[in-house]
Structure formats: C-alpha cells, structure tokens
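Just so it is clear, the model here is predicted, and its values are computed rather than measured. Proteins come first, then strands; the chains are lettered A, B, ... in the order of their sequence lines, and each starts at number 1.
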Amino acid sequence: MKDTVIQLLEAAIAALQAEGVLPQDQAFKLNVDSTRDKAHGDFATNIALVTAKAAGKPPRQLADLLIEKLPESSAVAKVEIAGPGFINFFMSDASSFDIVNTVRSAADGFGLNNSGAGESVQIEFVSANPTGPLHVGHGRGAAIGDCLARLLEANGYKVTREFYYNDAGAQIDNLALSVQARIKGISPDDDLWPKDGYRGDYIQDAANAYLEKATVTADDREVTAKGDADDLAAIKDFAVAYLRREQDLDLKAFGVKFDVYFLESSLYNEGKVEKTVEALNANGFTYEKDNALWLKTTEFGDDKDRVMRKSDGGYTYFLPDVAYHLDKWQRGFSTVINEQGADHHSTVTRVRAGLQALKAGIPEGWPDYVLHQMVLVTRSGQEVKLSKRAGSYVTLRDLIDEVGRDATRFFLAARRVDSQLTFDIDLARSQTNENPVYYIQYAHARICSVLRKLQELGVDINAADFGSDLSGLALDEEREIANQLARYPELIANAARQREPHHLTHYLRELAGLFHTYYNAHKVLIDDTAVRDSRVALYLAVKQVLVNGLDLIGVSAPEEM
RNA sequence: GCGCCCGUAGCUCAGCUGGAUAGAGCAAUGGCCUUCUAAGCCAUGGGUCGCAGGUUCGAGUCCUGCCGGGCGCGCCA
C-alpha cells in the first residue's frame with residue numbers, strides 16, 4: 001500500500017522534473033511514513049519540504065503542484081496538504097483492507113522477501129567455552145542471535161549458525177584439574193583444590209559421571225569416560241564433552257540449533273594458526289619485544305599493539321581469533337555477524353586489525369558485530385546473583401525452568417541490544433496483561449477459540465472463498481488493525497537490515513493490543529453472516545501475522561490458554 | 001586517565017534513515033464479566049526527552065562539551 005503511494009509520488013516528481021519545476025539532474029530521496037495520527041491520513045511525505053530549496057518555491061506551493069501531477073488511483077481516497085508542507089494520503093477502504101487477502105493468501109510466507117537473494121550469511125553467537133553451563137548473558141546472545149538468523153532467513157539469506165569454542169588452552173586445563181580434584185574427593189575449600197578452579201556443583205556431577213564411566217553425547221562429539229583418576233588427558237576429553245552436552249541441553253531447552261560447531265583446536269591441528277603468523281610476519285606487521293611476538297594493530301586503529309605469541313611460546317586467544325575469521329572469509333561468507341557480549345568489545349578493533357594486516361582482500365569493517373549489553377536478573381525487586389549449579393552466576397536453564405522457554409526468549413530479545421537488560425523474574429512469570437508474552441499469546445488463543453466456535457456452527461473457514469469479500473469491514477478498529485498488518489513486511493526488512501530484533505516484540509505487542517481492543521468492542525459471531533465472515537477474515541489475518549512474528553522470535557502460539 | 005554503550009512519565013522501555021501537539025505497558029484513581037476465554041477492555045491524571053551550547057525550515061534523534069551509570073583497558077577468553 002505504501003508502495004502505491006511511493007509510485008504515485010515518483011510519477012509526480014518525474015512530471016515536475018519534465019516541466020523544469022524540479023531540477024532534472026538530481027535524485028530526490030523519497031520518504032513516505034506511516035502516520036502516527038489518524039488525522040494525518042494513512043501515509044505522509046515530507047518531499048515538498050525537502051525539495052523546496054531546490055525548486056525555489058515555498059513547500060506548500062510545491063506540494064500543490066505535486067498533488068496536481070499525482071496519477072489517478074482508486075487506492076487513494078483523499079490527499080491533503082498539512083502543516084508546513086506535508087502531503088497526507090488517505091487510503092480508500094478497499095485498498096486498506098486488501099491486506100487481509102494478501103496475508104491470507106501468502107500465509108506462512110507473509111512478510112518474507114527475497115532481498116538477500118540466497119546470499120550466504122554466517123552468524124556466530126553464544127560461543128561459550130565448555131567450562132560451565134550457559135548463563136543469562138549467553139541466553140541473551142542466543143535469543144538475539146537466533147532471532148537475527150531467523151530474520152535474515154525471512155529476508156532471503158541463507159544463514160549458517162555457528163558456535164565457536166575454545167577446547168584447548170588454559171581455561172580447559174583448569175577445567176580438567178577441577179574435575180580431577182573432585183574425582184579425588186577434594187572440595188573447593190580444601191588446601192589441595194586447584195588455584196582458580198571451577199567451584200560449581202556441575203564439576204562434581206562431571207566427576208561422578210567420569211567415575212561411572214558414562215558415555216556422553218553432545219551435538220559435536222561423543223566420549224566415554226575411562227574412569228582413571230590419574231589420566232588427566234582422558235579427564236579433559238571427557239569434561240569437555242560433558243560440558244558441551246550440558247550446553248546442548250541448555251540450548252535445546254531454549255530451542256536454538258547450530259549448523260556448525262567450530263573448535264579452536266582445529267585451527268592449530270590444520271596449521272591455520274601457523275599460516276596466519278607467517279602471513280602477518282611476511283607483511284611486516286610484527287615485531288619481537290620482551291621475548292614475545294607483537295602485531296602492530298595500532299596501524300589499523302587500535303590504541304596499542306597486541307601480543308600474539310607469548311614469551312612462553314603459546315599464542316594468545318587473539319591470534320586464533322584472526323585465523324578463525326580468515327577461515328570464515330575463505331569459506332565464502334561475505335557477510336559475517338558476530339553476536340557477543342559487549343564486555344568483549346575490545347576484540348572488535350583487534351580482530352579487524354589482524355584481518356587487515358593479512359592483506360587478504362578482506363574489506364575494512366568486516367566482520368559485523370552485534371554486541372549486547374549486560375543482563376541483570378531480579379526477583380522481588382532484588383538482584384539475583386547466584387545459581388546452585390553454577391555457583392557464581394544465574395544459569396539459562398534456571399531461568400527456563402522457572403519462567404518457561406517462551407517468556408525467557410521473548411524477554412531476552414525484547415530490548416535494544418545496546419541497552420542493559422533487567423530480567424524481572426516475577427514479571428516473566430506473571431500471567432496477566434503486564435506480561436507481554438502472555439498478552440500476545442492470549443490474542444492468538446482468543447482467535448483460535450472463536451474459530452472453534454465457528455466450526456461448531458458448521459462454518460467451513462477453510463473453504464476456498466471464505467471471507468474473501470471484505471465489504472463487511474468498515475470500523476476504525478478494523479482499519480487500524482489492517483494498517484498494522486500492512487506494516488509487517490517493512491518491519492521484517494528493517495529489523496534484519498538494522499540487526500535489531502527487538503522491533504519484532506514491540507510490533508507484536510501493538511498488534512495484540514489492537515486486536516484485544518477490537519475483540520472487546522465488537523463481537524464477531526453475529527447474525528449478519530456477511531459482516532461476520534469479513535471480520536473472521538480479519539481475525540485469520542491477525543492470527544497469521546501473530547504466528548509468523550512469534551515464530552521469528554522462537555515463541556509458541558498456543559491455541560488455548 | 002583513555003575507549004565503547006546507556007541516560008525519555010514513579011517503574012520497565014519504544015520512538016523506524018531528523019518531521020507535525022513525545023508513545024506503550026506497569027504502578028495510581030474510577031468503571032466493564034447471565035454476552036465469542038476478564039491471562040481481557042474503557043476512562044483519567046502523570047514529561048524541562050540528564051545539563052549546556054551548536055547545525056536547520058524543523059532535533060528525543062545529528063555535532064561539541066559537561067554530569068551520572070555500565071563495560072573494557074592482560075603475554076586471560
């Protein structure tokens with residue numbers, strides 16, 4: 001519908017350019033907005049204000065000329081000039097309500113577009129090291145990353161979801177020592193407990209499983225425990241698998257799946273770390289100092305150079321990171337999005353600097369980053385800091401167990417990524433209108449309830465032409481709902497392009513609100529079957545968009561509540 | 001000290017590439033269930049958009065400075 005307005009305006013602009021009123025050698029950025037105030041019609045454009053200077057005419061006069069040149073269209077009922085020179089478009093009812101048929105015929109496909117044209121995009125998220133269960137911060141990353149992936153798919157991209165983790169290195173040694181200590185019956189408060197060991201109860205669980213010679217299966221590996229308390233390598237191998245499985249269970253409970261699990265160790269095993277060092281050396285961006293090898297990241301905007309090989313010969317995490325991203329590039333992903341906690345934001349400059357230093361033809365500013373801010377969990381107004389299982393933080397599983405998957409996903413995706421998020425457990429658990437998840441789901445359930453009643457009346461809503469006649473729609477509430485439905489495709493495009501999944505949750509809250517208002521004000525199961533069927537058609541369209549939108553967040557649409 | 005992010009109603013937050021009198025929910029107050037699910041709806045009040053400048057036809061939105069909060073500033077990840 002908005003496209004119609006844009007086309008009309010483009011024609012009018014072209015006409016004025018042909019007459020020399022507007023300069024011909026200049027492209028004008030056409031801005032058409034949905035109006036906030038109904039008094040301003042359905043759509044408004046500021047084009048007359050923007051082009052007034054170039055035309056050398058007052059905005060309102062220019063608006064007049066533009067309106068004269070607008071082609072006739074049955075979609076537009078009225079056009080007005082308002083304020084300093086806005087042009088307001090009032091759409092005809094037939095045109096406004098046509099969206100209902102559009103939604104119903106597109107069904108699950110409504111809102112999708114193919115702007116991605118099948119381009120491969122990789123999104124890396126969560127990427128937690130296998131040293132403990134996932135915490136709320138990972139949960140926020142999972143909710144955002146997966147929602148973003150779904151949004152990109154909705155825009156026609158081919159998305160690879162990737163999880164990278166460190167399965168070697170100091171943290172993993174630390175994990176192995178912690179599990180070994182537990183195997184030997186040493187507790188965190190004993191003198192023999194390893195320095196900086198992991199103290200959570202899950203370490204004891206892993207130790208028990210090891211002693212029982214358990215077999216654990218994770219998405220990317222399967223390991224059977226040896227049971228030998230002195231074989232540290234075997235313990236390490238088992239502990240990693242054990243915690244990978246724990247994280248898999250967390251992710252499964254959350255409804256998130258990955259296509260690729262990428263191991264840091266593979267970069268070493270396949271010589272990719274070495275090759276990266278060689279390339280950086282060859283390009284002259286490295287130097288030795290204090291027995292360490294440094295990369296001149298300052299030449300690419302960093303505030304200090306970074307150590308890539310430590311004086312003990314080992315590499316810092318930074319170098320494998322560069323090798324990993326080179327690998328992503330070589331796999332052909334021209335668009336890569338890294339979703340991470342903002343506490344790691346300093347890696348952004350560093351990794352990009354390393355990639356530039358490789359001179360591998362990687363564009364500056366590649367890859368993209370989506371950094372989410374911290375999550376604070378509250379209960380009864382008090383900050384919750386501890387988990388029994390993990391000891392020092394709130395786990396994702398705790399949250400899912402307590403408030404449910406739907407509410408957890410919704411809440412963690414509902415805020416702008418760059419503002420801190422307060423997760424209010426009481427709110428997420430509450431079953432009232434203060435909880436947006438239930439509010440939206442309830443709208444869907446209400447619609448389903450009405451449809452069941454219709455079926456009892458013997459009405460076949462699946463009949464080919466059921467509700468195709470929309471002449472029964474005429475109410476303001478119906479118009480508002482139709483306009484909201486019409487906004488959905490643009491929302492899907494914007495949310496993906498801007499990498500801002502939270503728009504979806506707000507949109508759905510608004511749509512549900514409009515529906516509840518309508519539902520309470522006007523009955524749908526009335527004797528006038530013509531009007532009734534038109535209204536049911538609108539219900540079906542709302543239901544469809546709720547389903548489509550909730551699916552993009554990974555939240556269910558229950559038929560009964 | 002330096003870098004990144006945030007500061008909008010009592011609370012939690014929206015505000016789309018600058019656009020018309022700044023929005024929603026909760027909380028507060030007062031209403032609505034023999035009627036399709038009250039997990040809902042309606043009405044009312046509530047704001048110097050942290051502060052001060054600047055850019056322009058127009059600034060919550062862009063620029064600069066300051067104040068306040070978070071995160072980072074490792075040969076950890």
Side-chain angles (χ1 to χ4, degrees), chain A residues 29 31 33-37 39-40 44-46 49-50 52-53 58-59 82-86 88 127-129 131 165-166 169-171 196 264 289-294 302-304 306-318 320-321 341-349 371-374 376 381 414-422 424 427 430-439 441-443 445-454 457 487 490-491 494-495 497-498 500 502-503 505-507 509-510 512-513 515-521 523-526 539 560-561:
Chain A
K29 195 179 77 173
N31 198 348
D33 287 323
S34 304
T35 54
R36 211 179 298 162
D37 187 340
H40 299 146
T45 181
N46 61 355
L49 292 163
V50 176
K53 199 170 274 180
F86 292 103
N88 294 334
S127 292
N129 284 340
T131 56
Y165 67 93
N166 172 347
Q171 300 301 333
D196 300 323
E264 183 183 9
K289 191 180 89 179
D290 303 333
N291 283 326
L293 186 63
W294 296 67
D302 204 356
D303 56 354
K304 58 178 105 162
R306 304 293 167 176
V307 170
M308 41 192 257
R309 191 173 60 219
K310 299 183 274 185
S311 52
D312 67 4
Y315 293 106
T316 61
Y317 71 94
F318 153 64
D321 259 12
D343 52 340
H344 287 184
H345 77 258
S346 59
T347 65
V348 175
T349 310
L371 303 176
H372 64 261
Q373 293 288 331
M374 304 293 98
L376 180 76
R415 300 282 180 256
R416 272 169 56 206
V417 297
D418 47 14
S419 66
Q420 293 170 47
L421 186 154
T422 302
D424 182 336
L427 178 62
S430 77
Q431 304 200 340
T432 65
N433 60 357
E434 58 191 273
N435 186 336
V437 185
Y438 288 101
Y439 184 85
Q441 290 180 323
Y442 185 45
R446 272 182 152 175
I447 292 170
C448 291
S449 174
V450 166
L451 299 181
R452 283 192 295 271
K453 286 277 193 310
L454 268 172
L457 292 173
R487 264 180 227 127
E490 196 181 352
L491 171 92
N494 285 341
R497 184 167 38 78
Q498 296 165 196
E500 293 181 343
H502 72 280
H503 291 306
T505 59
H506 286 274
Y507 172 88
R509 180 66 176 72
E510 283 168 18
F515 173 76
H516 284 306
T517 296
Y518 177 50
Y519 178 93
N520 276 280
K523 290 194 66 164
V524 60
L525 299 178
I526 52 177
Y539 271 42
E560 287 179 81
M561 292 176 73

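The heavy-atom pair separating A342(A) from Q373(A) by the smallest distance is CB-NE2, 3.5 Å. In terms of heavy atoms, T131(A) sits closest to Q171(A) at CG2-O, 3.9 Å. Annotation for Y317(A) and P320(A): closest pair O-CD, 3.3 Å, computed over non-hydrogen atoms. F318(A) and V307(A) make their closest contact through CD2-O, 3.8 Å (heavy atoms, listed as atom of the first residue, atom of the second, distance). Taking all atoms of both residues into account, the shortest heavy-atom contact from R487(A) to Y507(A) is CB-CE1, 4.3 Å.
In this structure, the nucleotide among C4(B), C6(B), A77(B) sitting nearest to the side chain of H345(A) is C4(B). Of the candidates C71(B), G19(B), C6(B), the closest approach to any side-chain atom of P84(A) belongs to G19(B). With C36(B), C41(B), C76(B) as the choices, the nucleotide that has an atom nearest any side-chain atom of L525(A) turns out to be C36(B).
Spacing between atom NZ of K453(A) and atom C1' of U35(B) amounts to 12 Å, rounded to whole angstrom units. Counting to the nearest Å, the P atom of C5(B) and the CD atom of E500(A) are 14 Å from each other. The nearest whole Å value for the distance from the CZ atom in R415(A) to the P atom in G25(B) is 14 Å.
Comparing the P positions of G15(B) and U8(B) gives an interatomic distance of 14 Å, to the nearest angstrom. A distance of about 7 Å separates the C1' atoms of C67(B) and G50(B), rounded to the whole Å. Comparing G45(B) with C33(B), their C1' atoms sit 27 Å apart, to the nearest whole Å. Straight-line distance between the C1' atoms of G46(B) and C26(B): roughly 13 Å, to the nearest whole Å. Going from the C1' atom of G23(B) to that of C36(B) covers 31 Å, rounded to whole Å. Separation of the P atoms belonging to A9(B) and C49(B) is 10 Å when rounded to the nearest angstrom. Going from the C1' atom of U21(B) to that of G58(B) covers 15 Å, rounded to whole Å.
Here N88(A) lies in heavy-atom contact (under 4.0 Å) with a base. If you check every strand for non-hydrogen atoms under 4.0 Å, A82(A) touches a base. No contact: R309(A) has no heavy atom under 4.0 Å from any strand. Within the nucleic acid shown, N291(A) has no heavy atom closer than 4.0 Å to any nucleic acid atom. Within the 4.0 angstrom heavy-atom criterion, base atoms lie near V50(A). Counting non-hydrogen atoms under 4.0 angstrom, Y519(A) reaches a base of the nucleic acid.
Phosphate contact (OP1/OP2 of C6(B), side-chain N/O of R416(A), threshold under 4.0 Å): present. One finds no side-chain N or O of T316(A) lying less than 4.0 angstrom from the OP1 or OP2 phosphate oxygen of C76(B). Using a 4.0 Å cut-off, no side-chain N or O of T349(A) falls inside it from OP1 or OP2 of G72(B). Taking only side-chain nitrogens and oxygens, R446(A) comes nearer than 4.0 Å to OP1 or OP2 of A38(B). OP1 or OP2 of A38(B) has not a single side-chain nitrogen or oxygen of H516(A) nearer than 4.0 Å. In terms of phosphate contacts, Y439(A) brings a side-chain nitrogen or oxygen within less than 4.0 Å of OP1 or OP2 of C41(B). Phosphate proximity of G3(B) to H344(A): absent, as no side-chain N or O sits under 4.0 Å from OP1 or OP2. Phosphate contact (OP1/OP2 of G69(B), side-chain N/O of Q420(A), threshold under 4.0 Å): absent. In terms of phosphate contacts, K304(A) brings no side-chain nitrogen or oxygen within less than 4.0 Å of OP1 or OP2 of C2(B).
Both Y315(A) and E490(A) lie near RNA chain B, and the one whose nearest nucleotide falls closer to the 5' end is E490(A). The nearest heavy atom of RNA chain B to D33(A) and to V450(A) marks one nucleotide each, and the one closer to the 5' end goes with D33(A).
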Could you spell out the base pairing of RNA chain B in dot-bracket, with Watson-Crick or G-U pairs whose two distances are under 3.5 Å, [ ] crossing and | to another strand?
-> (((((((..((((.....[...)))).(((((.......))))).....(((((..]....))))))))))))....
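The aromatic rings of F515(A) and Y519(A) are tilted relative to each other, their planes meeting at an angle between 30° and 60°.
Judged by distance alone, with hydrogens and angles left aside, the side-chain atoms of H516(A) form a donor-acceptor pair with the main-chain N or O of Y439(A) at under 3.5 Å. For S449(A) (side chain) and A445(A) (main-chain N/O), no donor-acceptor pair under 3.5 Å exists by modelled atom type. Remark: side-chain polar atoms of T45(A) are paired, donor with acceptor, to backbone N or O of N31(A) under 3.5 angstrom. The closest donor-acceptor contact from the side chain of D424(A) to the backbone of L427(A) lies under 3.5 Å.
C33(B) shows a glycosidic angle within 90° of 0 and is accordingly assigned syn.
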